[in-house]
There are 2 protein chains.
Amino acid sequence: MRKDAVQNRERLLQAARQLFADGGLDVPLEEIARTAGVSIGTLYNRFPTRDALVEAVFADRVATVADLAERALAMDDAWDGFVAFLTGVCELQAADLGYNDLAARTAPVDGDRGYGLMLKILDRAQRSGELRPDVTLADMAFVLWGVAATIRATHEVVPGAWRRHLALTLDGLRTATAHPLPAPPMFTEQTRAALRKC
Amino acid sequence: MRKDAVQNRERLLQAARQLFADGGLDVPLEEIARTAGVSIGTLYNRFPTRDALVEAVFADRVATVADLAERALAMDDAWDGFVAFLTGVCELQAADLGYNDLAARTAPVDGDRGYGLMLKILDRAQRSGELRPDVTLADMAFVLWGVAATIRATHEVVPGAWRRHLALTLDGLRTATAHPLPAPPMFTEQTRAALRKC
DNA sequence: AGTTAACTTGAGGCATCTTTCAACTTGAGG
DNA sequence: CCTCAAGTTGAAAGATGCCTCAAGTTAACT
């Protein structure tokens, strides 16, 4: 790749990173190109679809989440680790509206490195007795989707409101309060299908 | 109003009710007019803005929710009443994607009849000792926003999934599990402002 | 039956965003 | 310095949805 092409690609990524973070995933592509000081045609050259651009912008997040997961597993207390992990992911969401949108269309059911780690976090917390035994990884989607909705509504007005939402949600995941659940957990395939609808 | 105008209005409401329910609040107005067998101009005659149409379509919901609230208050057990109320509202959301969208842009902070009733439901459940004392009416927005997000993602694939989400959330609202919350509740004005952003 | 105000119509203008592509420019190897 | 493949450009076409208004139609009253 020619060096000017590399530079333009980098500028586009930088502009997209900024605009996604501030305005969510639906920012007009023209605006991204303009901010990058590049024509819309160049944007299409480098990233044939919006998804390609989104993927490139948030590529590092996969590793970030995996790191969060590993750090959570390294914590002494299983429940604390579980809480730290979810809090960390939500902090990523709160810090970047684009990633928040992405999280609302993603679930902890992917096949990547994070998946296995998350299972471990969950399993360890359940074995410790603090996390209720009847929740599954698929239920974490409820947590993230819910907090994503709160972040989207409140980020400008009450920046920290989501922490309260998350805290309430976490209390619902503790064994101490557990009451029988009215519906079975979602199958992985169902969760995946649900996301395809967004 | 001329009788044909009345009829057209009715047809428009009926079409809108159906299309909102199936496709959410963002259905094109042209499609609504077409479904009603009426021109787009007539739609604009009767409902100058989209909001006017939405308001007309869902006008009855205010009373429905108030009824739900009254029935909840009539229940013997305060906690059961609280649960029945929230479940009822979520059922309305699940049955109508339009109302689900509306709920995501609405909060139990309005000045209408329902407001006082909801306060009573909450207060009674807290006095009974089952509902944790540190939650406020504003926190109910988290519940409804969260469930709305789950409904939107899963309604086609796993129709009842939201009940599980709600059940987990409700367990987080019980006194038995209550842990200190990390952020103060939202002020009414903050909640209102948050909704203006949607 | 005539009159008229109320009502309806739908093409067209506007706005926004996406996507393509033929013409032009430029980096880099020889 | 020459060449040309790689890269850039931005106008233009396309898609979608909102909204208006001049012209035509009709209910309803006398």
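Hydrogens, waters and symmetry mates are skipped; everything else that's a heavy atom, side chains included, is used. Small disclaimer: the values here were computed from a predicted structure and weren't measured.
B:W79 contributes atom CH2, which lies 7.5 Å from atom OG1 of B:T175 (distance to the nearest 0.5 angstrom). Rounded to the nearest 0.5 Å, atoms CG (A:L170) and CZ (A:F82) are 6.5 Å apart. Note: B:D123 CG to B:L137 CG = 11.0 Å, rounded to the nearest 0.5 Å. The distance from atom CG of A:D96 to atom CZ of A:F58, rounded to the nearest 0.5 Å, is 4.5 Å.
Look at CZ on B:F47: it is 15 Å from P on D:dC18, rounded to the nearest Å. Regarding B:K3, its NZ atom lies at a distance of 17 Å from the C1' atom of C:dA5, rounded to whole Å. Rounded to an integer number of Å, the gap from CD1 of A:I32 to P of D:dG10 is 18 Å. Look at CD on A:E10: it is 13 Å from P on D:dT8, rounded to the nearest Å.
Of the candidates A:R164, A:H165, A:Q93, A:H165 is the only one forming a side chain to side chain donor-acceptor pair (under 3.5 Å) with A:T150.
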### Task
Encode nucleotides 8-20 of chain C as B, S and - characters from 5' to 3', where the letter depends on protein heavy atoms closer than 4.0 Å: B to the base, S only to sugar-phosphate, - to neither.
BBBB-----SBBB
### Task
Toss me the dot-bracket line for DNA chain C: Watson-Crick and G-U wobble, both under 3.5 Å, 5' to 3', using | for pairs to another strand and [ ] for crossers.
||||||||||||||||||||||||||||||
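Looking at residues two or more places apart in sequence or on another chain, you find a salt bridge (Lys or Arg N to Asp or Glu O under 4.0 Å) between A:E91 and A:R163.
For B:A194 against A:T154, the heavy-atom pair with the smallest separation is CB-CG2, 4.1 Å.
At a threshold of 4.0 Å, the pair B:R196-A:E156 does not count as salt-bridged, since none of the basic side-chain nitrogens sits closer than that to a carboxylate oxygen.
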